[in-house]
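Since the structure comes first, as structure tokens, the remarks are kept for the end.
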Amino acid sequence: MDEPAQPIPRVPAFQQYEFDNAYDEMFAADGSTRAHYQDIYDLLIRLTPEEYQRRKTAADITFLNQGITFTVYGHEDGTEKIFPYDLIPRIITRAEWDTIERGLTQRITALNLFLKDIYFDGHILNDGIVPREMIYTCKHYRRQMKGVAVPNDVYTAVTGTDIVRDETGQFVVLEDNLRVPSGVSYMLANRHLMKYVFPRIFGAYGVRPIDDYGQRLLATLRSLAPRRREDPTIVLLTPGVYNSAYFEHTYLARQMGIQLVEGRDLLVHDNVLYMRTTAGLKRVDVIYRRVDDDFLDPLVFRSDSILGVAGLLNVYRAGNVALANAIGTGIADDKAIYSYVPEIIRYYLGEDAILPNVETYRLNEPKSLDYVLKNIDKLVVKAVGESGGYGMLIGPHSTKAEQEEFARRVIADPRNYIAQPTLALSRAPCLFDSGVEARVIDLRPYILYDGDKVTIVPGGLTRVALRRGSLVVNSSQGGGSKDTWVLNN
Amino acid sequence: MMLSRVGDTLYWMSRYLERAEHTARLLDLQLHLMLDQTEINPVRRWNHLLKSLHLPPLETGQPDAFEMTHWLTFDPSNEFSILSFISAARENARHVREQISSEMWEQINRLYFQVKQTSIGDIWNDQPHEFFRSVKEGVHLFQGITDSTMSNGEGWSFIQMGRFLERANMIARLVDTHYQQFAATALDQTVNFNFLEWVGLLKSCTAYEAYCKVYTADVRPDLTAEYLILNPDFPHTVRYSVDRLTIAIQAAAASTESKRARHVTRLAGKLRAMMDYAQMDEILADGLHNYLETIQTQCTQIHNAIYSAFIVYPADEFVN
């Protein structure tokens, strides 16, 4: 483990920069600047406050003009805010990226095999690798998908896996988002911004491009179209204008040149899906859906949903439409099932996981439960089905009463919780009015899979906990983002 | 190709804005006319305005100009207030934000906030006129921005349809209401009684100056009707609006190649022909009210036909 570094050059820009036992992306343990951050460091110590303000203003205007905003809930006047961002890029070396890319390719391949197995033969359950009751008690398991063939056996055409770095600098997977991962528009917007605000240093660094994400996503979606359909019609299904990710939906639809539809634009007739256009009904072949499983078809799932289409599941079963992602992929998002992913990789691929999981205690195992209850003040306890930083207890940051409350909940329903050691997530430099400060970051690359190959644009969304002392990177809780530069060499 | 929902939303966005502008013009004139001492009592005057706006007459008592202006301009609980119309237009625009230009979205937002952040108290003591003028200009600016920043494709055609269908309907209603109220005298004589009211009718269509250029300031009821109904060149006449409506419908029908659109193009063509070949003396002989009512009925039929051609059609007829 790196010792807290001290001999950092105390230049004015870095007055506020703090170290602890976490891995620092910019500085090595001895206080020297890591080679791939040297040019950024030099830029930062030369950057005057005026220069900083000038670039910050230019960046704000770029975001506003592009309409890269999100709607703040609870404001009836529809106030829109700029998505918070940071101007210092997060840099990943070629070697680091190769590991991430190989690790994610392996992981996504195995998870798709796992999902197919679960919804067909259940070998992994019969062999006792994953306990059967884990699957049937998972709230994302969809029994309606049992025996339903999906195009190219692709369950997750788009995945956004969250990766963090532990104290040793090792990349570990924190969670897989196999349902409807969001945030890719901010990845693209951040890049656009950086090329505009810091063109010279961007050019000098040799950063691998990510701009073709839209085309690659479109190609992936097209590959899922029912075979007999030439020139398939692909649409993006959004819950509508009040959804917090609506901006992203419009952005991606524009990037791909496809129609942005809502449930009320679609209808099912004789097991075929159509959209209503002014020129009549037009057949739809592939849906990139940004609506959760529960809301897709009121005849099968939640009957009060008006976001989906009645009869969609039957069209899907008949093979007349492809959904990306498939229904029921959330099984592996369950944090208890997540803990089996290394075993899942070994079972289907015969390999060790390249990217390890965070060590996870399954509380349905009595020994683990006992340990966790004794050490709850040191651990992070999470509800298996929650995300976005909700439904969790961070032991060292909690009160005695909160710990007791969580212990009660865990005892009452151990299947519904897991525990992990409290991680010191890596820190990266962020630029504020007061200078450069270190903040917690993670990384969400976007992984495309068409059944034949896995494609990952080199980069991802680096989320950052902009509030001082915060560990939560989610935008709903004060998080922001920064551009991610994967270097050519 | 355009989603039916998008066409529907653009159409209504445009209709609501046209209504907001129309209401602002009528209300502005109303307050202006009330400055002069005339024979017409306030109850009659307000009822006349309400009728022109398709609203029911006052129930009881003496109307208060302050209250009435507030109700018709700023009251969010009145779905016929200018604020409600602009708010509805903005809500529609928001649902198709990716289909309209950013400039259009910004302008409709500006207009909305301008009206929403003003109250009757702010405008009453100084110049209500300035305020209504800024609303009219805000809508004109939106239309200008639309024409110069949006591709003149199918979406634009739906905006045009909404704008001109609403306008044709509104002007027909306005002229009709006015004649029922004030046309007791000989129609082919220069008006001397209620002169201001007749000038007011022209002004509420921003047509007074344009009228004078054609007929001089000799204001005659028959010529006023002829101008507001049949003039093909002035943008606030029934005939001009019907021409534009027909062109927009034909453009939408052409770009969708929809068979069902034949019905709506036929109806629009029929109304246009009825205007093209009409003469004022014949119209007056048959009864102006009947003629204007026919126009309004046909506008409703065209609206329904637009819906069944492009927006809500039976599913099985279109499966191919």
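Here is how names work: the chains are called A, B, and so on, in the same order as the sequence lines, proteins then strands, and each is numbered from 1. All heavy atoms count here, side chains included; hydrogens, waters and symmetry mates do not.
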Could you look at [X] and say if it's the side chain, the backbone, both or neither that has a heavy atom under 4.5 Å from chain A?
X: B:Val6; result: neither
X: B:Glu103; result: neither
X: B:Leu3; result: both

Pick one of side chain, backbone, both or neither for A:Arg283, based on which atoms fall under 4.5 Å of a heavy atom in chain B.
-> neither

Considering only heavy atoms, which portion of A:Val272 lies under 4.5 Å from any heavy atom of chain B: side chain, backbone, both, or neither?
-> neither

Neighbour count >12 (heavy atoms, 6.0 Å) for atom [atom1], [X]:
X: B:Phe66; atom1: CZ; value: yes
X: B:Glu130; atom1: CD; value: yes
X: B:Arg262; atom1: CZ; value: no

A:Lys282 side, atom NZ; B:Met1 side, atom CE - distance, nearest 0.5 Å | 6.0 Å

A:Thr278 OG1 to B:Arg5 CZ distance, which is reported to the nearest 0.5 Å | 12.5 Å

Listed partners of A:Tyr288 passing ring pair (Phe, Tyr, Trp, His ring centres under 6.0 Å), at least two apart | none

Which heavy-atom pair separates B:His95 from A:Tyr246 by the least distance, and what is that distance?
-> O-OH, 3.8 Å

Ring-face cation contact, A:Phe247 with B:Arg97, 6.0 Å cut, 45° max | no

Hey, is the main chain of A:Ala253 close enough, under 3.5 Å, to the side chain of B:Glu98 for a donor-acceptor pair?
-> no

Any donor and acceptor pair, going by atom type alone, linking the side chain of B:Ser4 with main-chain N or O of A:Thr277 inside 3.5 Å?
-> yes

With sequence neighbours excluded, what pairs up with B:Asp122 under the salt bridge (Lys or Arg N to Asp or Glu O under 4.0 Å) test?
-> none

In residues 137-153 of chain B, which residues are in contact with chain A at a heavy-atom separation under 4.5 Å?
-> none

Report, one line per pair, each donor and acceptor closer than 3.5 Å where one atom sits in a side chain of residues 299-312 of chain A; sequence neighbours left out.
{"from": "A:Arg302", "atom 1": "NE", "to": "A:Asp304", "atom 2": "OD1", "distance (Å)": "3.1"}
{"from": "A:Arg302", "atom 1": "NH2", "to": "A:Asp304", "atom 2": "OD2", "distance (Å)": "3.0"}
{"from": "A:Ser305", "atom 1": "OG", "to": "A:Phe295", "atom 2": "O", "distance (Å)": "2.9"}
{"from": "A:Ser305", "atom 1": "OG", "to": "A:Leu307", "atom 2": "N", "distance (Å)": "3.2"}

